[in-house]
Amino acid sequence: MKIVIAPDSFKGSLTAIEAARAVQEGFSTIFESASFSLIPMSDGGEGTLSSFKYVLDRPLTTIRVKNAYGYQKEAALLINDEDAFIESASAVGITDFTADQLNPLYSTSYGVGELIKAALDAGCSRITIGLGGSAVNDGGAGMLEALGATFKVDGHFHGPVRLKDLPLLQAVELATLDNRIASTEIVIASDVNNPLTGSQGATAVFGPQKGVSSEDIQVIDTWMQHYASLVSRDRIHTPGSGAAGGLGFALLSIGAKFEQGAKVIGQALNLPEAIKQADLVITGEGKSDNQTLYGKVPHYVAELAAAAKKPVILISGGLDPDAEKLTECFTASFSITHSPSTLDYAIEHAFELTVKRSREIAKLINLRL
């Protein structure tokens with residue numbers, strides 16, 4: 001039996017790699033001679049690089065870049081021949097800071113631009129960028145600056161460009177961008193479809209988790225409108241332009257194309273072909289609910305399995321009992337907990353619970369063979 005295990009992370013408890021290994025451990029006790037293909041997945045957020053490193057078996061390249069507030073840190077990218085894979089959170093991740101350290105007015109995406117330059121310097125002709133988990137809300141201005149864009153500012157200014165500088169901008173010149181960008185294919189991997197501004201824009205929807213106060217949302221959105229009008233008016237309302245505090249907008253403005261994160265990563269990891277060769281497919285995530293239907297890893301895996309006419313099992317940390325449309329996508333769906341427990345207990349014992357539940361599922365399958 002060939003079994004493909006392709007989960008997302010169980011956020012807060014298991015990485016995608018750990019989740020895949022837990023499922024394999026449970027199933028291998030029943031199907032000892034099975035062939036397992038572990039393809040830990042991501043939708044473009046934190047953990048993306050780990051998935052590429054694990055499946056492609058390539059080392060990460062580490063460089064010094066500016067973090068979300070302009071201070072030096074180490075960040076990584078993965079280079080695979082002419083392909084580069086970048087996780088924006090590696091440079092400007094929100095998990096680098098505690099809640100009381102977040103100061104969105106001083107946020108900059110400059111470090112993401114430095115990672116892109118490193119990929120260009122390595123001779124890469126295709127760059128895939130995951131945009132989840134960022135602490136920035138600068139519309140991608142810092143990234144553009146790192147790539148050579150010129151900013152004319154009204155008043156005293158010291159780079160890199162930060163959110164607080166956007167209302168001071170008089171002009172943004174993209175003609176000075178690194179000329180290698182024009183001949184490089186840039187793919188945005190994200191499950192965010194929000195526009196840059198407005199009630200569903202980057203600041204209104206995602207700003208509060210990055211430290212934007214409710215009373216500042218409208219003001220900052222006005223700043224973003226002003227900045228965007230100097231860069232590319234046509235991209236302000238493009239779906240995905242609001243991803244990662246507007247990094248999506250800036251990347252679209254320099255010719256990047258936007259694709260569903262799980263699909264981009266799955267294709268790069270050869271998941272569709274692996275599923276075609278499988279007898280059984282298993283996926284999962286921390287919590288599965290109706291939102292899973294909108295570009296999340298398990299739904300994408302289920303679509304691939306359906307196209308290949310393969311049975312697919314969902315094993316998640318929790319299942320929303322009202323998500324009937326979700327469970328219809330899978331041959332069977334399971335939660336790792338089947339008795340009352342506290343959230344803290346489930347998080348602390350997620351690996352053991354996943355192993356145990358996987359073993360029980362494997363027993364049920366074995367009985368039907």
Side-chain angles (χ1 to χ4, degrees), residues 8 41-48 68 84-94 107 109 112-113 115-116 126-144 147 149 163 166 172 174 177 181 184-210 212 217 220-221 223-225 227-268 291-297 299-300 303:
D8 198 349
M41 284 286 292
S42 168
D43 57 13
E46 291 174 280
T48 299
F85 301 97
I86 291 173
E87 182 181 307
S88 62
S90 177
V92 296
I94 195 168
S107 67
S109 55
V112 179
L115 286 173
I116 294 172
R126 176 184 167 95
I127 303 173
T128 300
I129 307 176
L131 292 189
S134 79
V136 297
N137 197 78
D138 70 337
M143 181 205 71
L144 292 177
L147 293 176
L163 172 60
L166 299 190
V172 180
L174 299 184
L177 284 169
I181 292 173
T184 303
E185 182 182 0
I186 301 177
V187 178
I188 303 166
S190 175
D191 64 350
V192 172
N193 292 315
N194 302 69
L196 179 64
T197 61
S199 62
Q200 297 301 309
T203 304
V205 177
F206 304 109
Q209 69 191 42
K210 301 176 184 184
V212 177
I217 288 175
I220 292 174
D221 210 49
W223 296 355
M224 199 76 79
Q225 282 274 8
Y227 152 75
S229 70
L230 301 176
V231 177
S232 177
R233 287 183 181 273
D234 295 340
R235 294 296 188 181
I236 295 176
H237 300 293
T238 301
S241 59
L247 264 169
F249 164 79
L251 288 165
L252 288 167
S253 297
I254 61 174
K257 61 180 181 179
F258 195 95
E259 294 188 13
Q260 178 189 349
K263 180 179 179 180
V264 171
I265 293 161
Q267 290 177 336
Q291 289 302 309
T292 301
L293 295 168
Y294 298 93
K296 300 296 185 180
V297 166
H299 187 244
Y300 167 66
E303 289 181 323

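Computation of the quantities below employed the complete heavy-atom set of this structure, encompassing side-chain atoms and omitting hydrogens, waters and symmetry-equivalent molecules.
- Checked by atom type and distance alone, the side chain of E259 never pairs as donor or acceptor with a backbone atom of V264 at under 3.5 Å.
- For the pair L252/F258, a side-chain contact is recorded, criterion being any heavy-atom separation below 4.5 Å from C-beta on.
- At least one side-chain heavy atom of M41 sits less than 4.5 Å from a side-chain heavy atom of Y300.
- Closest of all the heavy-atom pairs between G246 and A202 is N-CB, 4.1 Å.
- Rounding to the nearest 0.5 Å gives a distance of 8.5 Å between CG of L147 and CG of L251.
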Distance-only donor-acceptor pairs under 3.5 Å for side chains of residues 188-198, two or more places apart:
unit_1: S190; atom_1: OG; unit_2: V192; atom_2: N; d: 3.1
unit_1: D191; atom_1: OD2; unit_2: K296; atom_2: NZ; d: 2.9
unit_1: N194; atom_1: ND2; unit_2: Q200; atom_2: O; d: 2.8
unit_1: T197; atom_1: OG1; unit_2: Q225; atom_2: NE2; d: 2.9

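- Every residue meeting the side chain to side chain donor-acceptor pair (under 3.5 Å) condition with K210, not counting sequence neighbours, appears here in chain and number order: S134.
- Residues H299 and T292 share a closest heavy-atom pair of CB-O, 3.2 Å.
- Contact annotation: the side chain of V231 approaches that of F249 to within less than 4.5 Å [non-hydrogen atoms, C-beta and beyond].
- Interatomic distance, R235 CZ to I254 CD1, rounded to the nearest 0.5 Å: 11.0 Å.
- Of the residues listed (V92, I129, I86), the one engaging L115 in a side-chain contact (heavy atoms from CB on, under 4.5 Å) is I86, and it is the only one.
- Here R126 pairs with D83, T128, E185, V187 under the side chain to side chain contact (heavy atoms under 4.5 Å, CB included) rule; sequence neighbours left out.
- Here the closest heavy-atom approach between residue Y227 and residue G140 is recorded as OH-C, 3.6 Å.
- From I116, atom CD1 reaches atom CD1 of I186 across 5.5 Å, with rounding to the nearest 0.5 Å.
- With rounding to the nearest 0.5 Å, the separation of OG in S253 from CG in L144 is 7.0 Å.
- With hydrogens and angles disregarded, no donor-acceptor distance shorter than 3.5 Å links the side chain of T48 to the backbone of S42.
- Annotation for A68 and A135: closest pair CB-CB, 4.0 Å, computed over non-hydrogen atoms.
- Counting heavy atoms from C-beta outward, N137 and F206 have side chains that stay 4.5 Å or more apart.
- Contact annotation: the side chain of L131 never approaches that of V112 to less than 4.5 Å [non-hydrogen atoms, C-beta and beyond].
- The minimum heavy-atom distance linking G295 with A262 is given by the pair O-CB, 3.9 Å.
- Residues G132 and S88 share a closest heavy-atom pair of O-OG, 3.9 Å.
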